[in-house]
Enquirer: 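First the structure, then my questions, so here it is.
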Amino acid sequence: MSAPLPVARTVADLRAQVGAWKSSGLRVGFVPTMGALHEGHLSLVRLAGARADRVVASVFVNPTQFGPNEDFDAYPRDEGRDAALLAGAGCHLLFAPSVGEMYPPGASTTVTVAGVSEPLDGLARPGHFAGVATVVTKLLNQCAPNVAVFGEKDFQQLQVIRRLVRDLDIPVEIVGGPTARADDGLALSSRNAYLTADERPVAGRLNVVLSEALRRLRNGEDVSAIETWAVAQLLAAGFSSVDYVEARAPDTLDRLGPGATAGPIRVLAAARLGRTRLIDNMGD
Ligand code: PAF
């Protein structure tokens with residue numbers, strides 16, 4: 001049994017602890033989360049622990065990144081379970097602020113990242129990346145870590161965060177952690193908890209179709225033909241609808257031009273299965 005994890009609920013308490021660590025020469029790693037933790041998050045905590053002397057994780061279900069018809073109210077919340085898992089993975093401090101602490105009355109500043117946040121989930125979830133960019137900017141300013149770790153499963157989010165950190169000169173190293181997967185390759189996600197027993201095997205087809213799409217792109221097959229093929233495969237497998245399957249340049253998320261399949265590629269997908277929306281990506 002690990003000792004109970006200390007919890008900071010205010011920005012002042014978080015800063016006091018991180019400041020004390022840094023002034024004694026310790027390097028601080030940070031893993032922002034929305035809770036409902038699974039092995040994917042814990043692998044990010046361990047990665048932060050390998051790159052820093054102390055690890056802070058935040059659990060904050062950020063209202064500004066959910067659309068009006070999305071699952072903000074239903075999003076699973078269990079702080080006791082999350083804290084125990086974090087302690088077991090080597091985390092030293094949990095930052096668990098209230099909505100009021102993060103967004104005091106009159107809060108009126110939003111961070112928007114043009115370009116990289118516009119396609120894909122930017123189209124499918126209007127306002128989502130402005131909510132993510134705003135809360136991540138705040139969290140990085142509040143914690144002031146040396147290094148922060150985000151999962152590659154949310155690949156577009158990771159690129160949005162890399163861009164805002166560069167553009168706003170936030171002094172932190174951003175590290176992407178590899179996607180943790182179930183035995184059939186399904187990317188671990190807190191939202192997998194919504195899948196029914198019948199839907200679960202269908203969900204496992206998403207990564208299979210993406211890796212086949214990547215293999216065929218690497219063989220030089222036409223980008224839009226492969227994207228169309230992948231959408232058809234997902235619908236035939238039992239997905240209710242497909243928001244997108246697209247091959248893009250990893251850094252900018254720009255569309256691939258003709259012949260670009262010789263360079264770095266990321267294939268990204270979002271598809272719906274009943275009430276669950278799944279995302280995944282693969283590439284260089
Ligand atoms: O990936 C997530 O869990 C969230 O989008 C993040 C980065 C914690 C911001 O709320």
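For ligands, and for the atoms within them, numbers begin at 1 and follow the listed sequence.
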Enquirer: Provide, to 0.1 Å, the distance between atom 1 (O) of ligand 1 and the closest protein heavy atom, together with that atom's residue and name.
Expert: Gln157 NE2, 2.8 Å
Enquirer: Which atoms of ligand 1 sit under 4.0 Å from any heavy atom of Val135?
Expert: 9 (C), 10 (O)
Enquirer: Over 60° means perpendicular and under 30° means parallel, so classify the ring planes of Tyr75 and Phe66, tilted if in between.
Expert: perpendicular
Enquirer: Heavy-atom distances under 4.0 Å decide this one: backbone, side chain, both or neither, for Thr33 against ligand 1?
Expert: backbone
Enquirer: Do you see a donor-acceptor pair shorter than 3.5 Å between the side chains of Asp243 and Ser241?
Expert: no
Enquirer: Just checking, is any N or O donor in the side chain of Thr196 or Asp198 under 3.5 Å from an acceptor N or O on the other one?
Expert: no
Enquirer: May I ask you to check whether Gln65 has an N/O atom sitting below 3.5 Å from an N/O atom of ligand 1?
Expert: yes
Enquirer: When you measure from the centre of the six-membered ring of Phe72, is the NZ or CZ of Arg77 closer than 6.0 Å and no more than 45° off the axis?
Expert: yes
